Amino acid sequence: MIQLEIQDGVAEVVLDAPEKLNALDESAIAELGDAYERAELAGVRALVLRGEGRAFCAGRDIAGVDPRDDDVQGYLGGLVEPLLKRMSRFPAPTFAVAHGACLGVGLGLLIASDIVYVADTAKIGSPFKNLGATLDSGGHALFYERLGAHRAMDLIVTGRLMSGTEAVAAGLFSQVLPADEVLEAARAAARTAASGPTQAFIASKRLVADLRDHRLGLWSSMTDENRAQAALCDTDDYREGFAAFQEKRAPAFTGRG
């Protein structure tokens, strides 16, 4: 179900079960984690995550789940949460391409990505009231932080789905594009990132994650930035960037530490 392609320093991870809108069961979660591990071992400098067919990911595959003995904690806490943490720590910029349904665990995959390009026709929200279930995979935190408590609860209680255009306008994701352009835009951005200063990007990922996870204030974050900048002084890319600026030429970054 999960495909991995690597070319010119860019990994493309594909959710490839269009017949079920790329819904994820336990084995697919394991495959997805394995794809990220293989991409990391290959030393890629950017990664694109996308889905085949009409949807990005409709969430958990519940086709064969019996709610009377469902180990939902094992699925969410034992499999999904570790996967999302693993994805968020990937040592290079990650781009997700969202189209069609982006629900539940599918929404979590977007949250765990660094940059999310959204098709204008994407569908994002929490329709789980129809299952007697609630939003999972980090959705409450995303909606509360970006929309506020009232709008978050409105989406959850009504089950209304936001379009990609509405979601980006509300600050949920990075950019909205026409559905037939969004994948190529993300691929182009990933290629550009793969030629950039990878260690500097990793430092920024850590700084943003600390702001998100530890609610750092301005001065604490500034202190962390100073430390990160000092550490980057020892990288090849830092020295190359300064030399290129002084010599008035384009830098040739290698991404090495």
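These numbers come from a predicted model, not from an experiment. When a residue number appears, it is its place in the shown sequence, counting from 1.
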Residues K129, T134; criterion side chain to side chain contact (heavy atoms under 4.5 Å, CB included); working and verdict: CA-CA 7 Å; K129 68 185 184 69; T134 191; over 6 Å; no

Intermediate values then yes/no, side chain to side chain donor-acceptor pair (under 3.5 Å), D236 and T254: CA-CA 8 Å; D236 292 343; T254 65; 4.6 Å; no

Residues L79, L83; criterion side chain to side chain contact (heavy atoms under 4.5 Å, CB included); working and verdict: CA-CA 6 Å; L79 298 176; L83 170 67; over 6 Å; no

Verdict with supporting geometry, V97 and V118, side chain to side chain contact (heavy atoms under 4.5 Å, CB included): CA-CA 6 Å; V97 183; V118 185; over 6 Å; no

Stepwise side chain to side chain contact (heavy atoms under 4.5 Å, CB included) test for R54 and L21: CA-CA 7 Å; R54 296 186 294 114; L21 302 182; 3.4 Å; yes

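Between A190 and V48, the shortest heavy-atom contact is CB-CG2, 3.5 Å. Residues A167 and M162 approach most closely at CA-CE, 3.8 Å, considering heavy atoms. Of all heavy-atom pairs spanning S113 and L49, the tightest one is OG-CD2, 4.4 Å. Of all heavy-atom pairs spanning G9 and A194, the tightest one is O-CB, 4.1 Å. Across every non-hydrogen atom of A39 and I6, the tightest pair is CA-CD1, 4.4 Å. S126 approaches L135 most closely through the heavy-atom pair OG-CB, 3.6 Å.
With Q199 contributing its side chain and G255 its backbone, the two residues share a donor-acceptor pair below 3.5 Å. A donor-acceptor contact shorter than 3.5 Å links the side chain of T158 to the backbone of D154. Between the side chain of R191 and the backbone N or O of V10, no donor-acceptor pair lies under 3.5 Å. Judged by distance alone, the side chain of S204 and the main-chain N or O of F201 form no donor-acceptor pair under 3.5 Å. When atom types are taken as modelled, the side chain of D224 and the backbone of L207 share no donor-acceptor pair closer than 3.5 angstrom. Of the possible polar contacts, one joining the S88 side chain to the K85 backbone as a donor-acceptor pair under 3.5 Å is found. At least one donor-acceptor pair under 3.5 Å links the side chain of H99 to the backbone N or O of G53. Of the possible polar contacts, one joining the T94 side chain to the D114 backbone as a donor-acceptor pair under 3.5 Å is found. A donor-acceptor pair is defined here as one N or O able to donate and one able to accept, closer than 3.5 Å; such a pair exists between the side chain of T223 and the backbone of W219. Put simply, the side chain of T235 gets close to the backbone of L232: a donor and an acceptor are under 3.5 Å apart.
Using a 4.0 Å cut-off between charged nitrogen and carboxylate oxygen, E145 and R215 count as a salt-bridge pair. A salt bridge is defined here as a Lys NZ or Arg NE, NH1 or NH2 lying under 4.0 Å from an Asp or Glu carboxylate O, and R206 with D210 fails to meet this definition.
Residue I111 is grouped with residue L155 when hydrophobic side chains (ILVMFWY) are merged at heavy-atom distances under 4.5 angstrom, including chains of intermediate members. There is no path of hydrophobic side-chain contacts, each under 4.5 Å, that joins F253 to Y238. Residues F95 and V44 do not share a hydrophobic cluster, defined by chaining ILVMFWY side chains whose heavy atoms lie under 4.5 Å apart. L211 and L142 sit in two unconnected hydrophobic clusters of ILVMFWY residues. Membership requires side-chain heavy atoms under 4.5 Å apart, directly or through other members. At a threshold of 4.5 Å between side-chain heavy atoms, the hydrophobic network of Ile, Leu, Val, Met, Phe, Trp and Tyr places I115 and L15 in two separate groups.
In this structure, CG in D34 is found 12.0 Å from OG in S27, a value given to the nearest 0.5 Å. Between the OH atom in Y36 and the CG atom in L41 there is a gap of 14.5 Å [rounded to 0.5 Å]. One finds the OG atom of S221 at 9.5 Å from the CG atom of N226 (value rounded to the nearest 0.5 Å). To the nearest 0.5 Å, atom CD of residue E81 and atom CZ of residue R86 are 15.5 Å apart. Rounding to the nearest 0.5 Å places CZ of R187 at 14.5 Å from OG1 of T192. Once rounded to the nearest 0.5 Å, the distance linking CD of E12 with CG of L47 reads 9.0 Å.
By the 4.5 Å heavy-atom criterion applied to side chains, E52 and V14 are counted as neighbours. Between I124 and L161, every side-chain heavy-atom pair lies at or beyond the 4.5 Å cut-off. Residues L172 and L147 are in side-chain contact: their nearest non-hydrogen atoms beyond the backbone lie under 4.5 Å apart. Side-chain contact between I2 and L4: absent, with no pair of heavy atoms (C-beta onward) separated by less than 4.5 Å. The side-chain heavy atoms of L103 and L107, taken from C-beta on, include no pair separated by under 4.5 Å. The shortest side-chain heavy-atom distance between L110 and F56 falls under the 4.5 Å cut-off. S163 has its side chain out of reach of T121: every pair of non-hydrogen atoms, C-beta onward, lies at least 4.5 Å apart. By the 4.5 Å heavy-atom criterion applied to side chains, D61 and L24 are not counted as neighbours.
Residue Y75 forms a side-chain contact (heavy atoms from CB on, under 4.5 Å) with just one option from I62, I29, D25, D70, and that option is I29. A side-chain contact (heavy atoms from CB on, under 4.5 Å) with Y117 is found for exactly one of V168, V182, L183, namely V182.
Using modelled atom types and a 3.5 Å distance limit, the side chains of T165 and D120 yield no donor-acceptor pair.
Residue R38 places its CZ atom among more than 12 non-hydrogen atoms of other residues, nucleotides or ligands, all under 6.0 Å distant. Heavy atoms from other residues, nucleotides or ligands lying under 6.0 Å from CD of Q7 number 12 at most.
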